[in-house]
Amino acid sequence: MRKVIAGTGAIAIAVAMSLAACSSGGSGDNSANDGSSDSGTSSAAPWDGDASEVDVVTWWEAGSEKEGLQALEKVFEEQHPHTKFVNAAIAGGGGSQAKQKLAADLATNNPPDTFQAHAGAELTDYIEAGQIEDISGLYDELGLRDAFPDSLIDRLTMDGKIYSIPSNIHRANMVWANPTVLEAAGLDPNTPPTSIDEWISDMAKIKDAGYTPITVGMAWTQTELLETILIADLGADGYNGLFDGTTAWDSDGVTQAIDHFAQIMAYTDSSLYSEDWEPAMQPVVDGKAAYNVMGDWAYLGLTSQNKEIDKDYVVFPVPGNEDVYDFLADSFTLPVGAKHPGGAKAWLETISSKEGQVAFNSIKGSIPARSDLSESDLAKFSDYQKDQMTAFKENTIVSSIAHGAAVPAEVSNAINDAVMKFAQGASDKAGLQDALVKATADLGSN
Ligand code: GAL
């Protein structure tokens with residue numbers, strides 16, 4: 001399904017990129033280029049211009065997420081010492097706050113120099129609104145055409161054009177579990193359940209032993225749980241069909257998944273429903289709850305609390321998701337009208353460089369978006385991440401709903417609203433399915 005490009009050409013590309021970085025706007029001299037004096041070139045590319053600074057919007061603002069961004073910032077400062085990094089991060093996991101502020105700023109022609117956006121359907125929102133530049137030419141300039149796997153390039157491309165550069169790939173369908181709690185409930189932490197029904201019966205045992213079986217936080221974390229149950233109940237093909245019209249949202253398979261979702265939600269602690277992912281996961285870390293479904297950014301969350309895999313916690317795919325990689329990728333854009341396009345170019349160079357990808361991903365818990373890293377680069381990753389690199393190559397890839405890969409932001413927002421209404425209301429299963437049908441009504445119709 002995808003091609004992993006292993007080649008030595010990438011090393012030459014990376015060297016050429018670092019050399020280019022040393023001679024381009026980022027480090028030319030001590031007088032900032034104001035973009036108005038772009039003389040010399042007949043047709044300036046949108047990324048040519050002021051490289052004195054770059055303001056970068058992400059949602060890696062708090063907790064462990066901040067540490068990941070700092071790793072990237074460090075490489076950026078080494079590669080582009082004359083471009084000032086301005087951190088414009090907005091807290092809120094999954095971009096819950098950042099995307100709203102961004103939408104308002106883009107609508108009023110006040111864009112940042114670059115911003116984080118998920119590869120896939122979420123990008124189409126910005127592309128269709130004419131808010132981000134086609135940066136296909138930058139792929140040529142930076143020698144990136146063969147750096148990323150085809151499966152990723154496909155999700156970044158629209159009508160033959162590419163509008164962002166990926167920094168990392170995450171897997172969303174993982175269960176993070178406390179082994180001490182599982183043992184207290186008579187369960188073997190090394191033998192995870194293999195079906196949703198089995199998982200639910202384990203939750204009953206955990207509840208009987210006096211622990212919270214599973215935690216969820218704010219709306220998008222609940223959507224993430226729901227998508228993994230849809231994957232389990234529909235299978236990868238059936239799940240993919242939800243986005244191209246070949247699986248109906250009012251089908252029996254979705255009814256079954258909603259029923260499972262309702263049973264699992266009944267085992268959660270509702271006092272956490274307004275929390276971001278890290279506080280919602282904390283009861284698992286603290287030995288008060290058994291399970292949390294989260295993407296592998298949780299790996300950094302746990303590492304930064306000095307928690308060790310297979311000792312302090314265990315992690316396994318959501319039951320029924322064993323051979324499926326629920327994919328999302330962060331990528332960075334060049335907004336139309338950015339004040340410091342040369343700064344944005346410098347940032348895009350760093351996040352796509354081998355150094356940037358290794359430094360960032362090795363601590364963030366993600367896997368590199370580049371598929372051309374050397375053995376010695378890959379040795380810097382944890383066993384968990386190496387397993388996920390293999391999973392990305394060998395498993396079936398599906399796109400995350402909660403993290404912008406499968407559906408446009410408008411649809412994922414409507415799904416979040418439906419799920420939250422379900423959680424806070426009377427757990428109306430038919431009402432949830434109706435709301436999902438309405439939220440997704442325009443999918444697969446074009
Ligand atoms: C995702 C993002 C990840 C991570 C996560 C939690 O949307 O792609 O990189 O930040 O949200 O905030």
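When a ligand or atom number is given, it counts from 1 through the structure's own listing order.
Donor-acceptor pairing under 3.5 Å is lacking for the side chains of D330 and S167.
Partners of E278 under the side-chain hydrogen bond (donor to acceptor under 3.5 Å, both in side chains) rule, at least two apart in sequence or in another chain, are S64. Under the side-chain hydrogen bond (donor to acceptor under 3.5 Å, both in side chains) criterion, T333 pairs with no residue, sequence neighbours left out. Take D105 and apply the salt bridge (charged side-chain N to carboxylate O under 4.0 Å, His left out) test, not counting sequence neighbours, and it matches K101.
Annotation: ligand 1 has protein neighbours W59, W60, E65, G93, G94, H118, H170, W277, W297, L328, D330, K364, H403, each with a heavy atom less than 4.0 angstrom from the ligand.
Two rings, from W59 and H118, have their centers less than 6.0 Å apart. Ring pair F360/W60: centre-to-centre distance below 6.0 Å.
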